[in-house]
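Worksheet: one structure, shown below.
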Amino acid sequence: MLMNKDYFMNSLIYCVKMLNKNHVIAYPTESMFALGCDPSNFQAVKKLLLLKKRCVKKGFILVAAHYEQIKMYIDEHCLSSAQKKKMFFYWPGPFTLLVPAKSSVPYWLNGGLNTVAVRISAHCGIIKLCNFFGKALISTSANISKMKPCISREEVVKNFGENFPLLDGEIGYEKHPSTIINIINGKFIRYVQMQKI
């Protein structure tokens, strides 16, 4: 067990080092492995877009350990007290919420829309990763666009190579990607519609 903890810490330190150097990393989430990078650095985001062969207009989901890490992206003035209460009803957990975006949110995160997709996770690996990095991360499935997401370390290595930065750990018990809810109108958005975000 101690060796596993050491391996996790070594991988955590390495992944954060790579994030700070504007690289893309892979890490386990509630239901699959994800690819992520510093959401504020377009150099890193471009690497992620090229890696996934993904269009920038689709935007990305942001994942965080706590609210302070995503607060800067949310236009709280456009949220009622009831909507804010509902947000924290779903969090932390496998729920991604579409919330009003501040005008300062870069187009590569929200696809030029007036909303941004955010999630506060309960996955221990994500919590430690975001806290050690000190901010939220982009969270998108570890795959080439339209291909099956990786659900094991072995699949990540097979698809992205042995030297790809990878946070040690297991995915959670969710069988499907995070539920997406538009907090403004209360609509539940199915996974198949995620590509429109």
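Count residues from 1 along the sequence.
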From CA spacing to verdict: side chain to side chain contact (heavy atoms under 4.5 Å, CB included), Ile180, Phe95: CA-CA 6 Å; Ile180 303 178; Phe95 294 92; over 6 Å; no
To the nearest 0.5 Å, how far apart are [atom1] in [X] and [atom2] in [Y]?
X      : Y      : atom1 : atom2 : value
Ile25  : Leu48  : CD1   : CG    : 10.5 Å
Ile61  : Thr29  : CD1   : OG1   : 10.0 Å
Ile74  : His77  : CD1   : NE2   : 12.5 Å
Leu19  : Leu167 : CG    : CG    : 9.5 Å
Asn20  : Cys15  : CG    : SG    : 11.5 Å
Cys150 : Leu166 : SG    : CG    : 9.5 Å

Check for a donor-acceptor pair, side chain of [X] on one end and backbone N or O of [Y] on the other, with a separation under 3.5 Å.
X      : Y      : value
Lys135 : Cys130 : no
His66  : Pro92  : no
Ser11  : Asp168 : yes
Gln69  : Gly134 : no
Arg153 : Phe33  : no

Donor on one side chain, acceptor on other, Ser121 and Glu30, under 3.5 Å: yes
Between Asn143 and Lys52: side-chain donor-acceptor atoms closer than 3.5 Å: yes
Single-linkage hydrophobic cluster, 4.5 Å side-chain cutoff, [X] and [Y] together:
X      : Y      : answer
Ile144 : Val157 : no
Leu50  : Val156 : no
Met72  : Leu62  : yes
Ile184 : Ile70  : yes
Val56  : Leu109 : yes

Tell me the closest heavy-atom pair linking [X] and [Y], and the distance in Å.
X      : Y      : value
Ser178 : Arg119 : OG-NH1, 3.7 Å
His23  : Cys37  : O-CB, 3.8 Å
Leu98  : Ala117 : CD2-CB, 3.7 Å
Arg54  : Gly59  : NH2-O, 2.6 Å

Do [X] and [Y] come within less than 4.5 Å of each other through their side chains, counting heavy atoms only?
X      : Y      : value
Met87  : Leu79  : yes
Val24  : Met18  : no
Thr115 : Ile183 : no
Ile13  : Phe132 : yes
Ser141 : Met32  : yes
Val99  : Val116 : yes
Lys47  : Leu51  : no

Near-ring test Trp108/Phe60, centroid separation under 6.0 angstrom: no
Does [atom1] in [X] sit with more than 12 non-hydrogen atoms of other residues, nucleotides or ligands closer than 6.0 Å?
X      : atom1 : answer
Glu76  : CD    : yes
Met9   : CE    : no
Asn185 : CG    : yes

Parallel, tilted or perpendicular: rings of Trp91 and Tyr67 (30°, 60°): tilted
Listed partners of Tyr27 passing side-chain hydrogen bond (donor to acceptor under 3.5 Å, both in side chains), at least two apart: Ser139
Selection residues 155-178 - residue pairs positive for ring-ring contact (aromatic ring centres under 6.0 Å, His included), sequence neighbours left out: Phe160-Phe164
Derivation and outcome, side chain to side chain contact (heavy atoms under 4.5 Å, CB included), residues Leu129 and His123: CA-CA 10 Å; Leu129 180 60; His123 188 284; over 6 Å; no
Steps toward side chain to side chain contact (heavy atoms under 4.5 Å, CB included) verdict (Ile138, Val45): CA-CA 9 Å; Ile138 282 178; Val45 174; 3.8 Å; yes
